[in-house]
Structures are given as structure tokens and as C-alpha cells.
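Beneath this line is the structure, given in C-alpha cells, with notes to follow.
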Amino acid sequence: MTLEFFLGHVNYWLFIVLMMTGFYIVVSRGNYVKKIVGLNIFQVAVFMLYISIGKVTGGTAPIFPTNSQGKIKIDPEIVYSNPLPHVLILTAIVVGIATTSLGLALIIRIREEYDTIEEDDILEIEAAMAQAENDEHGSAMGGRA
Amino acid sequence: MATAVEVHHTALTLRDHLPILQILIPFCTAPLIVFLGYRSLAWPMAFISSLLSLIIATMLLIQVSDGSYISYHLGGWAPPVGIEYRVDAANAFVLFLISATATVVLPFALSSVAHEIPCKNHALFYACFMLCVTGLMGVVITGDAFNVFVFLEISSLSTYVLVSQGSYRDKRALTAAYDYLIMGTIGATFFVIGIGLLYMTTGTLNMADMADRLVGQGGNRTVQAAFAFIVVGMGLKVAIYPLHLWLPSAYTYAPSAVTTFLAATATKAAIYVVLRFMFTVFQPDFVFDTHILVWIIGPLALLAMFAASLIAIFQTDFKRMLAYSSIAQIGYMMLGIAMFSVTGLTATMVHLFNHGITKAVLFMAVGALVLRAGSTFYDRIEGMGRAMPLTGAAIVIGGLSLIGVPGTAGFISKWMLVQAAFEGGYWWLALIIVASSLLAVLYVWRVVEVLYLHTPHPDATHTEAPLLMIVPMWIAALACLYFGLDTRFILDAASTAADGLMAGSAGMSEISSAAAAAADH
Amino acid sequence: MELSTLIFASMVLPTLAMFANLIFAKQANLRDTITFVAALLTFACVVAIAAKVGNTTTPQIVLFEVFANVPIAFNVEPLGLLFALVASGLWIVTHIYAIGYMRGNNESHHARFFGCFAGAIAAALGIAWSSNMFTLFLYYEILTISTYPLVAHKGTPEAIRGARTYLGILLGTSIALQLTAVIWTYTLAGTLDFQLGGILRDNISPTLLPILLALYAFGIGKAALMPFHRWLPAAMVAPTPVSALLHAVAVVKAGVFTMLKVGVYIFGIDFLAETGASDWLMWLAAYTIIASSVIAMQQDNLKKRLAYSTVSQLSYITLGMALASQMAVVGGGVHIAMHAMGKITLFMCAGAIYVATHKTEISQMTGLGRTMPITFAAFGIGALSIIGLPPLGGSWSKWLLMVGSADAGHQIMIAVLMISSLLNVAYLLPVIGRGFYRDDTANPYTGIKEAPLFCWLPPAATAIGCLILFFTAGSIVDFLMPITGLPQ
């Protein structure tokens with residue numbers, strides 16, 4: 001693997017690092033809010049991927065100049081960047097915000113009911129609930145699996 | 001955005017606009033319910049809207065039942081630039097399933113929701129429900145890859161909300177919804193990465209166009225990575241065996257009406273997306289070359305059939321048992337795909353539908369039991385079969401269909417699956433399939449014994465469920481029996497769909513170019 | 001009346017009776033009368049069909065198609081007609097007996113009981129008229145499920161356990177093995193229609209043939225071939241009329257009937273004979289015959305002893321199929337009728353003894369014959385018919401099977417049949433011996449009289465039936481001859 005290859009794909013390396021960072025946070029953190037933060041980083045990494053692939057080296061913003069009649073005048077010499085990924089990511093950002101806010105809203109409700117937002121504590125409470133159910137209704141296999 | 005619709009300049013009649021109306025009607029109902037804010041209006045509006053969706057879906061299904069396609073250009077922009085809604089036999093079939101389930105579940109939901117969710121949330125609940133319907137149908141109808149993601153998130157976000165509504169009965173619904181949110185979002189993001197990689201390779205988002213440009217790209221690493229991301233991402237939504245962890249809790253703690261709807265439709269829509277990407281976008285040859293079916297999907301499907309069934313046997317809660325049974329049944333559907341033949345795919349499509357109605361019956365019965373017995377733990381529902389004869393009989397019918405006893409819908413799909421195994425020369429697989437249905441006998445019969453042969457629990461109310469629950473339940477139960485005998489509709493639709501899928505994108509691009517030509521005139 | 005009308009009427013009438021039982025759950029007399037009338041009409045339908053078509057095979061009546069070339073379809077052919085006659089005819093007898101038994105014994109849930117009973121008959125007739133394997137399989141499963149509540153009737157832990165075994169084995173074998181066999185046959189032959197001479201010739205490699213046959217033979221769990229016979233003794237927890245129904249009228253007969261149908265119309269007896277694919281089945285059937293007879297001898301519980309006797313007798317019919325010679329198959333067919341008549345007599349007698357004395361163990365019945373002479377006389381006649389002594393029906397089927405064994409070149413099977421007869425003597429006659437001849441000094445049965453009229457009349461009637469069958473056996477054989485494919 002040459003340095004050139006590495007530098008040429010630098011946006012992908014950054015994407016992978018960012019994505020795995022986010023993913024790792026989701027998996028490893030016990031705090032529910034931190035999980036959401038991790039999820040955000042994870043999603044943002046994907047946004048970055050999309051935005052970076054829209055960039056054309058030496059390209060400019062895809063704004064087409066118009067002449068006095070209002071007709072679009074395109075100069076074939078000028079290289080434009082691809083705007084479509086940016087537009088897509090606008091949608092994805094909206095989705096991401098919706099997900100985040102819903103996640104946080106759920107956390108508030110969880111906090112109201114469980115009095116904690118730490119996964120370990122919640123698992124403990126749920127294990128106690130499952131144990132109580134098992135005692136009452138006979139044991140079940142599988143648990144939360 | 002997909003919803004910003006102008007009238008297609010060549011389309012003049014309402015009939016031409018059916019594909020967009022299919023989405024628009026439930027989509028507009030949702031905010032309308034919220035803005036009007038009358039609790040008493042919410043349900044009728046939701047019901048009328050899903051009934052209209054059902055009518056539209058039926059009309060679409062009839063139009064495409066001969067194997068043709070409808071290509072609808074949003075805003076008059078022809079694909080591949082514009083967003084295209086494309087209806088063929090495969091997705092018209094799934095659209096029909098989703099809208100029919102919504103229409104049947106809503107009457108049931110009226111009394112079930114009133115019992116399980118506080119009044120102040122009712123309007124918002126039905127709004128979310130309609131959004132969920134919109135999202136699922138959008139996922140299915142659209143021919144644009146990024147659009148799939150958007151609709152997927154519409155349905156997922158509303159699903160998380162719907163699941164969390166179970167918190168008024170059991171607070172674990174909240175953590176179930178949270179877990180589902182985390183996993184669902186990871187899945188959806190994986191899916192978007194896959195789409196992004198495909199976009200990088202092909203420079204298009206239209207599925208038909210994408211398929212054209214992917215021909216001969218089988219060795220391309222980017223394409224292979226995209227395929228992996230898409231399959232894993234959707235696999236989370238489908239709940240393919242090791243990716244199923246969100247499902248049992250979400251199904252168990254969600255309100256009964258929500259579980260019914262989700263079990264019958266949500267995973268089915270996701271399976272449809274998997275099929276669409278595997279067979280139309282990536283081409284059967286590519287999928288076959290990568291060996292993913294034989295070495296990954298197939299064994300996982302078998303694992304699901306046995307592991308999940310075994311876990312289901314040892315459950316003490318009827319609802320949770322059904323959740324595990326769903327995972328096992330998804331295994332059957334994935335197995336049909338893995339066999340990679342028209343018969344196998346037909347089996348998958350048929351089982352998609354049949355399992356949908358079967359689980360609808362059973363989860364509606366769960367709702368009725370919750371209403372009368374308080375919960376569905378086996379020791380609470382003892383003897384309820386005699387106290388609630390109609391509900392009990394519906395459970396027996398649904399259970400028999402789950403086992404695959406002849407005369408029920410589940411039998412037809414099992415037959416097709418075993419036939420596919422024999423046709424493919426995998427006779428050992430046929431034996432494995434039937435052996436796994438023996439496990440279904442065990443978990444179903446445990447419930448039947450509890451319902452009929454044990455002495456009733458003293459705390460339970462021993463009266464039949466209200467008519468509004470019984471009628472939808474029995475519509476689904478009779479559908480189970482009807483589709484177990486009269487298979488013309490189901491097999492025709494499924495085999496047309498399977499033929500289309502196995503043909504890859506060949507038929508698809510032809511149609512879209514023809515449609516584009518028509519649009520130019 | 002049209003043939004199709006008669007066929008459907010014969011299936012719809014019991015179904016209607018089933019619903020009538022559930023609707024008029026509270027009016028016992030009305031319910032029982034309706035069922036009785038339905039039983040009579042059903043039998044009349046079957047007799048009318050018999051009079052109309054004789055022993056010809058009628059064309060299919062297709063209801064609708066389920067899979068390509070696999071419709072729900074019915075027709076009449078000699079074997080099915082014989083089975084239908086047995087099932088619908090004995091329903092009348094069993095119904096009368098069941099009324100006496102259920103009332104005399106103060107059993108609960110009469111409506112459910114008689115309803116499921118009628119449902120089982122409807123399913124049995126569906127099996128009889130099925131013109132392809134798919135339709136047959138459909139009714140086979142309906143029969144299993146409709147009889148499950150009957151076995152679990154008492155609701156005691158023991159009954160639930162028995163019913164679980166019953167359902168587990170029957171549903172399990174049929175779904176796991178028989179269904180596989182059916183679908184396999186379909187993929188091989190492209191059809192599932194019953195055709196004389198079979199549909200598999202030229203479609204299957206000879207090495208796979210025994211495997212497919214095994215899937216069928218074990219898949220038809222109702223035929224109680226060892227090692228899948230456990231359900232039969234387990235089902236003995238059910239009330240005696242149910243045992244009579246299971247053993248003589250519907251369930252086991254449906255099993256061996258299916259076995260014969262598969263042998264004659266799916267494989268074709270000539271094809272089986274040429275390939276020798278059924279040889280292993282013949283040995284297994286022989287083993288079942290002997291082994292279960294030996295087990296029967298060790299049972300003290302009368303119903304259990306009869307159950308193992310049934311396991312043994314059913315394998316006669318399986319043996320007839322497996323021998324794959326014309327006479328053996330006809331012998332198997334005849335044995336359906338002969339064994340039905342004999343075994344139902346025995347069971348109804350066992351039930352009558354239970355109603356009158358509440359005794360279930362043979363060792364408790366010493367000298368009882370003097371108190372209940374009619375019951376014990378009927379039992380004796382039934383037993384002799386099962387053993388195969390003239391002038392009783394059972395002798396003919398055994399004779400035909402022996403001839404068939406010789407035809408097939410398996411003389412050793414004659415020996416098996418003879419040993420089995422001896423074993424029959426050994427486990428059946430002591431019951432009568434104890435009843436009549438072993439007189440304890442003091443008669444312990446004070447205050448016990450003959451069972452109620454409804455309980456002793458039906459077995460007496462069927463005992464006479466055994467006698468009549470001896471003289472009419474010739475016509476039954478003629479009737480069944482077309483299934484051999486020989487010119488008459």
C-alpha cells in the first residue's frame with residue numbers, strides 16, 4: 001500500500017475511523033445518552049462519506065450562471081461538484097435529528113420509570129422483574145436474548 | 001422529497017395516480033389527525049384512510065397481476081433523474097398485505113388500544129400508526145434506492161414510538177423501544193452506507209438504472225461491500241437470526257395492536273427490500289457468485305428455524321412465545337430465498353403473506369386475552385379457551401396454520417418450501433424443514449393445552465372478548481383457512497412475483513425505458 | 001340423486017351433526033336424536049352410492065385446484081366404498097352405544113364429545129372418498145385433530161398425557177414423514193391422483209423406492225406400525241366409545257386404508273412386487289404382529305390388551321399391502337371390515353363391563369360372565385372372529401392373507417399368521433374363560449346386573465354381524481377384486 005494510495009483515499013480512512021468510533025461508543029458505553037451520542041457520530045460519519053464523494057477535484061459549486069434572458073449558460077470548461085449527495089444528506093440529517101430527539105425523549109421516559117439511564121442498572125432492574133415473573137409464572141428460557 | 005408531488009403531465013386520470021395516492025393518503029392522514037386533535041375523529045380517519053389504501057392496493061394488484069409493471073414518475077421527472085414509483089407483482093402483493101393488515105387491525109385496535117393506552121395519547125397513537133403504514137408502503141413501492149431509506153426511517157421512527165406505548169402496561173416497553181431504536185438506526189445507517197457505495201459505483205439512485213450499470217461489476221470490491229452493508233442493514237430490520245435481538249422484547253412489550261401490525265407487516269416489508277436488492281439490483285448471477293445464499297443465509301435460516309423454535313417451546317408467556325416463533329418463521333422465508341429457485345422464492349412470497357395473516361390472528365387473540373386475563377402468561381390464561389370459545393378457536397386455527405396442518409394457510413407455504421427443496425435435490429433439507437415444524441407442534445400445543453385442559457385462573461374475567469376484537473380476529477382466521485384451500489390468488493401472485501425477481505432486472509429496465517419514451521411524447 | 005350430491009351429503013351430514021351438537025349443547029335428547037338421524041341418513045347415502053356404482057371406479061369430482069394438478073377431489077372406488085360402509089354403518093351402532101355409555105357412566109361434556117365424534121366420522125368419509133393423496137392427507141389431519149378432544153375428554157392429568165402422546169405421534173409422523181413423502185411423490189410424478197397400477201413407475205429410481213415407501217409406512221402413524229404404535233395404548237384413557245371409534249371405525253382403519261391406497265394406487269402392487277421394495281415392510285409388519293401379540297398377553301387391563309391386539313391386527317393389513325400379491329391385498333381390504341366388526345364388539349363389551357361394574361382389570365372379572373351373559377357371549381364371538389375361526393368373518397381375511405403369502409412366495413408369512421392366531425387365542429380366550437368357567441366359591445358381584453340395554457344391544461348386534469360377515473365374505477372379495485387390476 002503506497003502513501004499515494006493512502007492519501008488518495010484519505011476521506012475513506014477518516015470515514016472509517018469516525019464510523020468505528022461512533023459504533024464503538026454505541027456498543028461499549030452503558031450510559032443511554034452516550035449511546036445516542038455515539039449513534040450520532042456513527043451517522044455523521046456516513047454523512048461525511050456522502051459529502052466527500054460529491055466533491056470533484058478542482059470543481060466549483062454547481063451554480064449555473066444565467067444570461068440576461070434568464071437562459072442557463074453553461075461553460076463546458078468549468079468543472080462542477082456533484083450536488084446530489086449533499087441534497088441526500090440534507091434528508092439524512094433530518095432523519096438523524098428525528099432519531100436523536102426520539103431517542104432522547106425515550107431516555108427521559110426511561111429515567112422517569114427506572115430512575116436511571118445506566119444500562120447496567122436497568123438490566124439489573126429488568127432481571128429482577130424477570131425473576132419475579134419467573135417465580136410467579138414458572139421459569140422461561142431466553143431472557144432478553 | 002418524495003412527498004412533494006405535482007401532477008405528472010402525461011397522467012390525466014385518477015387511476016394513473018394510484019401509486020402516489022397509495023402513499024399520500026395515509027401520509028396526509030397522520031398530520032390531519034394531529035392537527036384536528038379530536039380523539040373521537042382519530043380512529044375513523046385512520047380506518048377510512050387504510051380502507052382507501054386497501055382499495056388502491058387491490059386495484060394496483062389487479063393491474064399488475066399479468067406480470068406487467070407500472071412506472072410512476074414523481075413530479076413528472078422521468079427516471080433515472082426523477083424519483084420513480086414502480087409497482088410490479090412482487091410489491092403490489094406486499095402492498096396488499098400491508099394495507100389489508102392495517103384495515104383488519106384497526107377495528108381490533110379500537111378496543112385494545114382503549115384498554116392498553118391512556119386516552120390522551122390516542123390521537124397521536126393513530127397518527128403514528130398511519131405514519132408507520134406510510135413508511136412500510138413507501139419502502140415497498142418506491143423504485144429509488146435512497147427513497148427506500150427515507151421511508152424506512154419514517155416507518156422505523158413511528159414504530160419506536162408505537163412500541164414505547166406499551167410502557168403503560170410494562171415499563172420494559174421503553175427499553176425495548178430504545179434497544180430497537182439503537183439497532184434499527186445502526187441497520188438503517190448500514191443500509192445508507194451500502195446505497196452510498198452503490199452510488200459511488202454507478203452514479204445513479206434509480207434501482208433499475210443501478211441494476212443496468214451493475215451488470216458485469218460482480219468482481220468490484222465496492223459493489224461487494226455495498227451488497228454486504230445492504231444485506232446486514234436490512235437483516236437487522238428483517239430480524240434474520242443473529243440480528244434478531246431487538247425483536248422478542250419489542251414484540252412482547254408493545255401494545256397488542258402494534259405487535260399484530262408489526263408482526264404481520266414490518267419484517268415482511270424488510271424481506272421484500274432484501275429480495276428487491278438481491279434479485280433486481282444486484283442480479284441473481286451476482287448473488288449466486290458471492291455464495292452468500294448458500295454459505296451464509298441458508299445456514300442462518302436453518303439455525304433460526306431450530307434455535308428460535310426451541311426457545312419458543314420453553315417460554316411461559318404466550319406473546320413472547322409468538323415473538324420467538326416469528327423469528328423461526330422468518331427463517332423459513334430466508335430459506336426459500338437461499339434455495340435460489342423460482343419455487344423457493346414463491347415459497348418465500350407465499351409464506352410472507354400466510355405467516356402475516358397467521359400471526360395477525362394469534363397476536364389479535366393475545367390482545368383479547370390481555371383484555372380479559374390481564375396478561376398472557378400461561379398460568380394466567382389457563383382454561384380461557386373454554387371461557388372465550390371464539391378467541392380460543394381462533395388461536396387453534398392460527399396455531400394449526402403455524403404448524404402447517406393441511407387446510408390452513410401455513411400448510412401451503414410449507415408445501416411450496418418442501419417442494420422447492422425436492423426440486424433442488426436437497427431431500428435432506430426437506431426432512432429438516434418438516435422436522436422443524438415438529439417443534440412448532442410442541443410450542444403450539446402447549447398453549448392449546450393451557451387454554452383448554454387446565455382449570456381457569458380465578459382472577460381472570462371469563463367472558464368473550466368484545467365483538468370489535470372478535471370480528472377482525474375471525475376475518476384473519478377465516479382468511480387462514482380460505483387461503484389454505486383456495487390458493488389461486490396467492491400462488492399466482494407469488495409465482496408471478498418470483499418469476500419477475502428471478503429474471504433479475506431484465507424486464508424492469510425495458511419497461512422503464514418504454515415509460516420514459518412515453519413520457520417524452 | 002346425483003352421485004356427487006350423495007358423496008357430499010355423506011360428508012356434510014356428519015358435519016351438520018357436529019354443529020348441531022355444539023348448538024344444542026343443553027338439549028341432550030334433541031342432540032342425540034339429531035345425531036342418530038344424521039347417522040342413519042349418512043349410512044343411507046353410502047348405501048345408495050354403493051347401489052349406484054357397485055365396484056366400479058367413478059371419475060373424479062373436482063372441487064377446486066390447490067396446486068397445479070392437485071385438486072381437492074373425490075371419487076368412489078371399491079376400497080373407499082368398503083371403508084365408507086364400515087365407518088358410516090358402525091357409526092350408528094357406536095352412537096347408540098355411546099348414548100348408553102355416556103349417560104350410564106355420568107360422563108361430562110356430552111355436546112363436545114358427540115360433536116367431535118361426528119366430526120371424526122365426516123373426516124373418515126372424506127378419507128374414503130378422496131381421489132388423490134392430497135385430499136386424503138387433508139382429511140387425515142382433520143381426523144387427527146377432531147379426535148384429540150375425545151382422547152383428552154376426561155381432562156385428568158393421565159388423559160392429558162395420553163392425548164399428548166396421541167397427538168404428538170399422529171401429527172408428528174404425518175407432518176414429518178407422510179407430508180414429505182407426499183410432496184416427494186408430487187415432485188416425482190407431477191400428480192397425486194390415485195391411479196390403478198400406481199403413478200410412480202418410471203419416475204423413481206429403485207434405490208429410492210424403499211425410502212419413499214418407508215416415509216409413507218411410518219408417516220401413516222394411524223396404521224400403528226412399530227415403533228410408532230405407542231399412541232394406541234396411550235389413547236386408551238379415553239371413554240370406551242371413543243376407543244371403539246378409534247380402533248374399529250375411524251382412526252386406525254383410516255390408517256390402514258391409507259396404507260392400502262398408497263400401496264395399490266400410488267406405488268401399484270405389481271410395481272412393488274417387481275422391485276421387492278416392500279420386502280422390508282413385510283418383515284416389519286410380521287414383527288409388529290408377533291411382538292404386539294406378546295405384549296398384549298402381559299396386559300391385565302382389558303382395554304390395553306385389546307389395544308395391543310389392535311396394533312397386531314392392523315399389521316395384518318399392512319402385511320397384505322407389503323406382500324404385494326393380489327390375494328394378499330384383497331385379504332387386507334377384507335380384513336378392514338372383519339377386524340372392524342370383531343374389534344368393535346370387543347371394545348363395546350369392555351365398555352359395558354365398565355359401565356356395569358367399573359372394573360377394568362381382567363383379573364377382577366373372574367366369574368363375571370355368569371352375571372353378564374350377553375356381554376360375555378358377544379365378547380366371545382368377537383374374540384373368535386379376531387382369532388379367525390369359522391364360522392366367523394375373521395377367518396376369511398386370514399385365509400386370503402395366507403393364500404396371498406403363498407402367491408407372493410413368502411410361505412414363512414403363513415407361519416407368522418398361524419403363530420399370531422395362537423397368540424390371539426392365548427390372550428383373548430382367557431378373558432372368557434375367567435368370565436364363565438373359573439367360578440370362585442362366593443360370587444363377589446352382588447348387586448351387579450347386565451349392563452344397560454343401550455350398552456349390551458350394540459355389541460350383541462355386531463357379534464351377529466361377525467357371523468353374517470362369514471357368509472357374505474365371498475361377495476366382499478368379489479367387490480374388492482377390481483383393485484387387484486386382474487380381469488374379472
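Here is the naming used below: chain letters follow the sequence lines, and residue numbers restart at 1 for every chain.
- With rounding to the nearest 0.5 angstrom, the OG1 atom of B/T175 is 3.5 Å from the OH atom of A/Y114.
- Between the CG atom of A/L88 and the OH atom of B/Y199 there is a distance of 7.0 Å, given to the nearest 0.5 Å.
- The greatest number of non-hydrogen atom pairs below 4.5 Å with chain A, out of B/I313, B/I186, B/I182, is found for B/I186.
- For the 3.5 Å distance criterion, the side chains of B/S167 and A/R109 qualify, holding a donor opposite an acceptor.
- With B/Y178 contributing its side chain and A/Y32 its backbone, the two residues share a donor-acceptor pair below 3.5 Å.
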task: Take B/L205 and A/L84 through the test side chain to side chain contact (heavy atoms under 4.5 Å, CB included) and record every step on the way to the result.
output: CA-CA 10 Å; B/L205 285 170; A/L84 186 64; 4.1 Å; yes

task: Report the C-alpha separation of A/Y50 and B/I193 in whole Å, then their side-chain angles, then the decisive distance to 0.1 Å, and conclude whether the side chain to side chain contact (heavy atoms under 4.5 Å, CB included) test is met.
output: CA-CA 9 Å; A/Y50 267 76; B/I193 296 172; over 6 Å; no

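- Atoms OG1 and OH, on B/T222 and A/Y12 in that order, are 7.5 Å from each other to the nearest 0.5 Å.
- Although no hydrogens or angles enter the test, the distance criterion places no donor-acceptor pair under 3.5 Å between the side chain of B/Y160 and the main chain of A/L106.
- Within the model, atoms CD1 of A/I110 and NZ of B/K171 stand 11.0 Å from one another, a figure rounded to the nearest 0.5 Å.
- Ionic pairing of A/E133 and B/R172 is present here: one or more N-O contacts between side-chain nitrogen and carboxylate oxygen are shorter than 4.0 angstrom.
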task: Please test A/M129 against B/D170 for side chain to side chain contact (heavy atoms under 4.5 Å, CB included), starting from the C-alpha separation and ending with a verdict.
output: CA-CA 10 Å; A/M129 288 172 81; B/D170 192 320; 3.6 Å; yes

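- Side-chain contact between B/L174 and A/I107 is absent, with no heavy atoms from C-beta onward closer than 4.5 Å.
- To the nearest 0.5 Å, atoms CG (B/D179) and NZ (A/K35) are separated by 7.5 Å.
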